[in-house]
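By convention here, the first residue in the shown sequence is residue 1.
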Amino acid sequence: MLYVILSVVLVIADQLTKALTVKNIPFEESINVISGILSFTYIKNTGAAWGIFSGRRYFFIIFTALVLIALTFVIIKKRTSNKIFNFAISLIYAGAIGNFLDRIFRHGSVVDMIKLDFINYPVFNFADCCVVVGAVLLCVYIVFYYDADKARKKEKTAESSEENGNG
C-alpha cells in the first residue's frame, strides 16, 4: 500500500509541475534557474525521448496502456519484500501514468520543462525522471537481488510443501 501511495504522490507532483509550467512559462520560452546548468523551458513533445516517433499519439496511448496493465499485473503477482524492486516499479508506474495523462488530456503531447544547459540533452519532465530512475533501480534489482529473491521463494515453497505433507 505504501508504494501505491508513493505512486499517487509522484503522479500528483508530475501533474503539478506541468500545470505550473503551462501557467507560468510562455510556450518555447525559458526561465534561467542556475546559469549555464539548469533552466525551465516549456515545450510540448508529441513523441518519445528525443522526439522520436513524433505525432503518434494513439500508438503511445495504446503502448502505455499495455505497459500499465503489465505493471499492474507485476505489482499484484510479483509481491516481494524487496524495497528496491517495489520502489522501482512505483517510479516507473507513476512516470508512465503522468505522461499517459498528458497524451490523453493535452491532445497527444507531453509537457516537458527541465533543461540541462551544460549538455546537449532533450528537455524532459518529472515523469521522465521517475521512469529513468525506476528503470535503473530495476536493473540494480535484477543484477544484484533477483536470484536471491527467486531462491528464497523456492525455499519457502519447499518448506510449505513439507509442512503440508507434500514433500
- prompt: Do you know the tightest heavy-atom contact between Thr72 and Tyr93?
  reply: OG1-OH, 2.9 Å

field: Shortest non-hydrogen contact between Ser7 and Ala94, atoms and distance
entry: O-CB, 3.6 Å

query: When rounded to the nearest 0.5 angstrom, what is the spacing between OH in Tyr121 and CD1 in Ile114?
result: 10.5 Å

Residues 133-142, side-chain donor-acceptor partners within the protein, below 3.5 Å, at least two apart:
from, atom 1, to, atom 2, distance (Å)
Tyr141, OH, Asp149, OD2, 2.9

- prompt: With a 4.5 Å limit on heavy-atom distance, are the side chains of Asn99 and Thr64 in contact?
  reply: no

message: If hydrophobic clusters are built from ILVMFWY residues whose side chains come within less than 4.5 Å, do Phe126 and Ile43 share one?
response: no

- prompt: Roughly how far apart are Thr21 OG1 and Leu16 CG, rounded to 0.5 Å?
  reply: 9.0 Å

query: For Tyr3, which of Asn86, Ile75, Val8 qualifies under side chain to side chain contact (heavy atoms under 4.5 Å, CB included)?
result: Asn86

statement: Connected to Leu2, directly or through other members, by ILVMFWY side-chain contacts below 4.5 Å are none

message: Once salt bridge (charged side-chain N to carboxylate O under 4.0 Å, His left out) is applied, do any residues pair with Asp14, and if so which ones, sequence neighbours excluded?
response: Lys18

message: Using 0.5 Å steps for rounding, measure from the CZ atom of Phe40 to the CG atom of Asp112.
response: 12.5 Å

Side chain to side chain contact (heavy atoms under 4.5 Å, CB included) assessment of Tyr42 paired with Ile31: CA-CA 9 Å; Tyr42 172 26; Ile31 295 175; over 6 Å; no

- prompt: If you group Ile, Leu, Val, Met, Phe, Trp and Tyr by side-chain heavy-atom gaps below 4.5 Å, do Val143 and Phe85 land in one group?
  reply: yes

message: side chain to side chain contact (heavy atoms under 4.5 Å, CB included) for Ile34 and Phe118? Distances and angles first, verdict last.
response: CA-CA 10 Å; Ile34 303 172; Phe118 61 95; over 6 Å; no

message: Check for me, please, whether Ile92 and Val11 land in the same ILVMFWY cluster - side-chain distances under 4.5 Å, paths through other members count.
response: yes

query: Between Asp117 and Asn32, is a side chain to side chain contact (heavy atoms under 4.5 Å, CB included) present by the stated rule, with each step listed?
result: CA-CA 9 Å; Asp117 296 323; Asn32 193 15; 4.3 Å; yes

message: Would you compute the distance between atom NZ of Lys115 and atom CZ of Phe124 and round it to the nearest 0.5 angstrom?
response: 11.0 Å

- prompt: Cut-off 3.5 Å, side chains only: do Asp102 and Asn45 have a donor facing an acceptor?
  reply: no

message: Give me the atom names and distance for the closest heavy-atom approach of Gly47 to Arg103.
response: O-NH2, 2.9 Å

task: Is it possible for you to say whether Leu116 and Ile25 belong to one hydrophobic cluster, with membership spreading through side-chain heavy-atom contacts below 4.5 Å?
output: yes

query: Would Lys77 and Phe73 count as a side chain to side chain contact (heavy atoms under 4.5 Å, CB included) if you check the C-alpha gap in whole Å, the side-chain angles of each, and the deciding distance to 0.1 Å?
result: CA-CA 6 Å; Lys77 292 292 184 182; Phe73 179 79; 3.4 Å; yes

task: Report whether Phe87 and Val131 are members of the same hydrophobic cluster (ILVMFWY, side-chain heavy atoms less than 4.5 Å apart, transitive linking).
output: no

Which atom of Thr41 lies closest to which atom of Val123, heavy atoms considered: O-CG1, 3.6 Å

